[in-house]
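Letters go in sequence order (proteins before strands), and every chain restarts at 1.
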Amino acid sequence: MPARARAGRGTGTWHGHAAAWTPAPPSVPSSVPPRRPCTVFKSAVVAALREALGADAEGLDLAAQLSPPPKVEMGDLAFPCFPLAKIRKAPPPKIAAELAAAIPAGGPIAEVKALGPYVNFFADPAAMLTALHEGLEDGSFFDALRTDAPTRVMIEFSQPNTHKVFHVGHLRNVCVGDALVRVFRARGHDVVAANYYGDFGIDVAKCLWWLRGHPQEEPPVEGRTAWLGQAYTAATLTVEEAEGQGQEEGDAIKASIREVLTAMEEGEAEVTELYRETRQWCLDEFASIYGWLGVGFDTDFFESELEEAGNAVVDDYLAKGVFVESRGAIISDLEEQGLSVALVRKSDGASLYMTWDLALARRKFDEFDVQKSLYVVGSEQTLHFQQLFATLGNMGYERAKDCRHVSYELVMLPEGKMSSRKGTAIPFHQLRTRVLAAIHAKMDDAEHEVDPDTADKVAVACLKYGMLHVGNGRRVVFDIDDWTNPEGDTGAYLLYSLARIAGIQRKAGEGVDLAQAVSPDSGFGVEAERGLLNHLMSYPQVVARVEDSCDPSALASFVYEGAKRFSRFYQECPVLKADEPLRLARLQLAACTQRVFTEALGLLGIDAVEAM
RNA sequence: GCCCCCGUAGCUCAGCUGGAUAGAGCGUCGGUUUCCUAAACCGAAGGUCGCAGGUUCGAGCCCUGCCGGGGGUACCA
């Protein structure tokens with residue numbers, strides 16, 4: 001329905017508070033060779049294996065074979081011996097035993113053990129901790145996130161329609177898009193975050209038509225955009241009603257709506273005035289939403305600006321034979337590519353969605369010089385984007401192959417599909433107050449009330465985590481009660497674990513010198529500690545995977561899993577009461593956890609809190 | 001009809017690109033606070049990973065065919 005309205009580029013205006021905008025992590029000067037601490041142990045294992053295998057290692061990607069065993073007590077990295085069975089003509093468990101015997105412990109490798117068909121390697125926990133801690137201190141850990149092939153990429157998302165209600169369903173797009181912007185930046189890409197406002201067309205005309213027909217209706221002081229949304233809905237219902245009465249009645253109403261559109265296009269004074277004013281209300285509302293969410297854009301496109309350019313593209317490529325006339329309309333014929341045909345101009349001469357998208361894409365390539373182009377749009381538009389990209393290819397744009405539709409599924413309510421028609425869609429302004437109310441109801445107690453700043457952060461965390469912890473291809477069920485539940489798999493739980501870390505640090509006080517190496521006999525390295533440590537080490541791979549899949553849910557899972565592991569550590573391993581040097585080691589681990597979590601949550605657009 | 005997505009515990013979902021005994025949360029039952037935030041932790045119960053074949057040393061993951069749910073399929077965005 002109101003899916004995606006997009007259009008031309010604006011002036012690089014920023015929506016939302018610049019202060020709420022988290023820039024990409026500062027890049028480390030390239031003169032500092034990255035140490036990549038998470039790979040120290042792994043590369044030692046690979047080297048040891050290569051040595052032990054000799055000629056048998058040829059043709060095997062040893063690093064790719066290594067993965068963590070299912071449980072920490074089994075080791076930190078496992079090498080499966082199945083592929084060797086053919087080469088060595090021996091059963092895998094036998095090979096594993098031979099290899100384990102042939103590889104000596106030493107350096108970061110504390111122990112080597114054969115377990116069935118696997119060779120399991122144990123890392124020296126103190127050495128790992130020190131490597132991670134130093135890597136976080138000097139920035140090399142996050143430097144390891146960076147891709148070897150940085151590129152200029154545009155990520156288009158949000159695409160709200162003016163004159164319609166902005167509701168929970170639209171929030172998912174914003175969360176996914178914003179997270180991708182942050183992830184791509186962390187990976188070192190040059191990212192242009194783009195919004196594309198649906199601020200023109202027949203739907204806008206519908207709303208204005210209804211307003212003109214009901215001059216006695218006055219906009220409320222609060223909630224003007226909701227009022228516009230209601231006008232739009234009322235107009236839609238009126239049209240449907242008329243159509244129900246008969247062909248003529250329906251056509252009559254549609255004709256009068258079209259007159260409003262024509263008046264808009266021709267700049268007729270009274271309509272234009274109304275259009276400008278109401279459009280601005282909506283843009284202001286969007287800006288305040290993005291501000292609250294901490295989401296920013298580098299450039300704005302408007303549908304209202306693309307009409308002319310779109311028609312020019314159609315004329316151009318009609319002349320070049322890329323487009324053809326069919327049944328009175330102009331089409332992009334994609335039958336041979338298995339994509340049916342895409343209409344680029346209606347038989348009445350009007351342009352459509354595809355027309356503007358062609359002009360927009362051209363602008364992205366030519367004006368912004370983007371190498372890669374992401375479109376975060378609902379899955380119902382899959383065919384549209386297949387057709388768009390295929391058409392761009394036919395027009396000669398090589399970079400069409402680097403265009404990608406990041407599709408995601410609908411947001412549902414516990415009672416089922418939401419419908420703005422039935423009024424079941426929760427408009428954003430209600431959403432905000434309802435979520436905050438739920439947070440207060442659950443977090444406040446007799447002694448103290450949670451402060452507004454923290455409540456806001458928790459509310460945003462609950463919303464974003466709720467939207468992001470499910471894979472893009474699955475529907476999300478929005479349930480305020482569930483999402484704000486302080487117990488369980490929610491954003492509140494994540495922030496709570498960070499608040500506990502902050503608590504430890506407050507009580508540890510100043511004057512703790514964390515920058516010492518942990519001595520090997522500190523006793524550090526019980527399961528809860530190693531489990532957490534290993535998990536933190538896997539962070540760069542997770543980020544790389546998110547870039548690849550364009551699905552931030554892996555990052556959400558990473559943080560949640562990490563919070564679980566931290567909670568176990570917190571429960572089983574007293575930090576402040578531990579004796580030195582164990583205390584130092586645990587303080588370091590807590591500090592590492594804090595840094596990685598804060599960073600990972602940051603990529604999801606979630607701010608940490610100091611206390612809850 | 002054709003195309004795309006989804007099907008994993010009662011419910012909501014993970015499952016690291018094919019590896020070890022399939023994991024969480026909610027809900028249910030039972031434990032843990034003179035101890036850094038119990039918004040937590042531990043344990044129990046709960047599974048023919050939609051069905052049937054196939055590939056493979058090995059399949060929840062890959063291939064084929066069915067079944068079920070959703071979306072799309074020339075003048076809406």
Report summary line: Between A:Phe79 and A:Asp482, whichever has its closest RNA chain B nucleotide further toward 5' is A:Phe79
Report task. Considering only NZ, NE, NH1 and NH2 on the basic side and carboxylate oxygens on the acidic side, decide whether A:Arg568 and A:Glu527 come within less than 4.0 Å. Result -> yes
Query raised in the report: Any ion pair linking A:Asp481 and A:Lys442 (charged N to carboxylate O, less than 4.0 Å)?
Result: yes
Query raised in the report: Do A:Tyr317 and A:Thr391 get their side chains close enough for a donor-acceptor pair, meaning under 3.5 Å?
Result: no
**Report entry** Sugar-phosphate, base or nothing in reach of A:Asn120, heavy atoms under 4.0 Å
**Finding:** base
Query - Sugar-phosphate only, base, or nothing, as touched by A:Ile331 at under 4.0 Å among non-hydrogen atoms - result: base
Query raised in the report: Roughly how many Å is it from NZ in A:Lys577 to C1' in B:rU37, rounded to a whole number?
Result: 13 Å
Query raised in the report: For the pair made of CG in A:Leu334 and P in B:rC3, what is the distance, rounded to whole Å?
Result: 17 Å
Query raised in the report: Is A:Leu343 touching bases, backbone alone, or none of the nucleic acid, heavy atoms closer than 4.0 Å?
Result: base
Report task. Say whether A:Ser351 and A:Glu307, considering side chains only, have a donor N or O and an acceptor N or O under 3.5 Å apart. Result -> yes
Query - Least distance between heavy atoms, A:Tyr408 atom then A:Arg172 atom - result: CD1-CD, 3.8 Å
Report task. Classify the glycosidic conformation of B:rU17 as syn or anti, calling it syn when the angle lies within 90° of 0. Result -> syn
Query raised in the report: What nucleic acid atoms does A:Ser549 come within less than 4.0 Å of, heavy atoms only: base, sugar-phosphate, or nothing?
Result: nothing
Requested in this report: Check every strand shown and say whether A:Arg475 touches a base, only sugar-phosphate, or nothing at a heavy-atom separation below 4.0 Å.
Outcome: sugar-phosphate
**Report entry** Rounded distance in Å - CG (A:Asn485) to P (B:rC11)
**Finding:** 19 Å
Report task. Could you state the atom-to-atom distance from OH of A:Tyr232 to C1' of B:rC76 in whole Å? Result -> 9 Å
Query raised in the report: Under 4.0 angstrom, heavy atoms only, what part of the nucleic acid is A:Cys573 near: base, sugar-phosphate, or nothing?
Result: base
Listed pairs, N/O of protein and of nucleotides 38-45 of chain B, under 3.5 Å:
{"unit_1": "B:rA38", "atom_1": "OP2", "unit_2": "A:Arg500", "atom_2": "NH2", "d": "2.7"}
{"unit_1": "B:rA39", "atom_1": "O3'", "unit_2": "A:Pro486", "atom_2": "O", "d": "3.0"}
{"unit_1": "B:rA40", "atom_1": "OP1", "unit_2": "A:Pro486", "atom_2": "O", "d": "3.3"}
{"unit_1": "B:rA40", "atom_1": "OP1", "unit_2": "A:Gly488", "atom_2": "N", "d": "3.3"}
{"unit_1": "B:rA40", "atom_1": "O2'", "unit_2": "A:Arg500", "atom_2": "NH1", "d": "3.2"}
{"unit_1": "B:rC41", "atom_1": "OP1", "unit_2": "A:Tyr493", "atom_2": "OH", "d": "2.8"}
{"unit_1": "B:rC41", "atom_1": "OP1", "unit_2": "A:Lys564", "atom_2": "NZ", "d": "3.4"}
{"unit_1": "B:rC41", "atom_1": "O4'", "unit_2": "A:Gln571", "atom_2": "OE1", "d": "3.3"}

Report task. Determine the contact category for A:Ala78: base if any of its heavy atoms lies under 4.0 Å from a base atom, sugar-phosphate if only primed atoms, P, OP1 or OP2 are that close, otherwise nothing. Result -> base
**Report entry** Sugar-phosphate only, base, or nothing, as touched by A:Gly471 at under 4.0 Å among non-hydrogen atoms
**Finding:** sugar-phosphate
Report task. Identify whether any heavy atom of A:Ala329 sits under 4.0 Å from a base atom; if not, whether one sits that close to sugar-phosphate; answer base, sugar-phosphate or nothing. Result -> base
Report task. Assign A:Ser340 to base, sugar-phosphate, or nothing according to its heavy-atom contacts below 4.0 angstrom with the strands shown. Result -> nothing
Query raised in the report: How about A:Val526 and A:Glu572: do any of their side-chain heavy atoms sit closer than 4.5 Å?
Result: no
**Report entry** Length of the line joining A:His405:NE2 and B:rG71:C1', which is rounded to integer Å
**Finding:** 12 Å
Query raised in the report: Is any NZ, NE, NH1 or NH2 atom of the basic residue among A:Asp551 and A:Arg474 found under 4.0 Å from an Asp or Glu carboxylate oxygen of the other?
Result: no
Query - Carboxylate-amine/guanidinium proximity below 4.0 Å for A:Arg583 and A:Glu580 - result: yes
Query raised in the report: Do the non-hydrogen side-chain atoms of A:Phe79 and A:Leu99 ever get within less than 4.5 Å of each other?
Result: yes
Query raised in the report: Which part of the nucleic acid, if any, lies within reach of A:Pro69 when heavy atoms closer than 4.0 Å are counted: base, sugar-phosphate only, or nothing?
Result: base
Query raised in the report: Side-chain N or O of A:Lys86 less than 4.0 angstrom from OP1 or OP2 on B:rC57?
Result: yes
Extract from the structure each pairing of a protein N or O with an N or O of nucleotides 5-8 of chain B at less than 3.5 Å, listing the distance.
{"unit_1": "B:rC5", "atom_1": "O2'", "unit_2": "A:Gly473", "atom_2": "O", "d": "3.2"}
{"unit_1": "B:rG7", "atom_1": "OP1", "unit_2": "A:Arg474", "atom_2": "NH1", "d": "3.0"}

Query raised in the report: Rounded to the nearest Å, what distance is computed from the CD atom of residue A:Glu380 to the P atom of nucleotide B:rC4?
Result: 17 Å
Report summary line: Quick note, A:Val470 side chain, CB onward, closest among B:rC57, B:rC36, B:rA14 is B:rA14
Query raised in the report: Base, sugar-phosphate, or nothing for A:Tyr560, non-hydrogen atoms under 4.0 angstrom?
Result: sugar-phosphate
Query raised in the report: For A:Ile257 and B:rC76, what is the distance between atoms CD1 and P respectively, to the nearest whole Å?
Result: 13 Å
Requested in this report: For this output row, return yes or no: ring centroids of A:Tyr353 and A:His384 closer than 6.0 angstrom.
Outcome: yes
**Report entry** 5' precedence on RNA chain B between A:Met74 and A:Ala499 (nearest-nucleotide basis)
**Finding:** A:Met74
Query - Which nucleotides of RNA chain B pair, in dot-bracket form (Watson-Crick or G-U under 3.5 Å, | meaning another strand) - result: (((((((..((((.....[...)))).(((((.......))))).....(((((..]....))))))))))))....
Query raised in the report: Do other residues, nucleotides or ligands put more than 12 heavy atoms under 6.0 Å from A:Glu240 CD?
Result: yes
Requested in this report: Would you kindly check if the NZ (Lys) or CZ (Arg) of A:Arg500 is within the cone defined by 45 degrees around the ring axis of A:Phe566 and under 6.0 Å from the six-membered ring centre?
Outcome: no
Query raised in the report: For A:Glu415, does the CD atom sit with more than 12 other heavy atoms under 6.0 Å from it, leaving out its own atoms?
Result: yes
Requested in this report: Examine B:rG23: is either OP1 or OP2 under 4.0 Å from a nitrogen or oxygen in the side chain of A:Lys71? Give yes or no.
Outcome: no
Requested in this report: Looking at every strand, decide which applies to A:Ala611 at a 4.0 Å heavy-atom threshold: base, sugar-phosphate, or nothing.
Outcome: base
Query raised in the report: What pair of heavy atoms forms the shortest contact from A:Phe157 to A:Asn195, and how long is it?
Result: O-OD1, 3.2 Å
Report summary line: B:rU48 glycosidic conformation (syn if within 90° of 0, otherwise anti) is anti
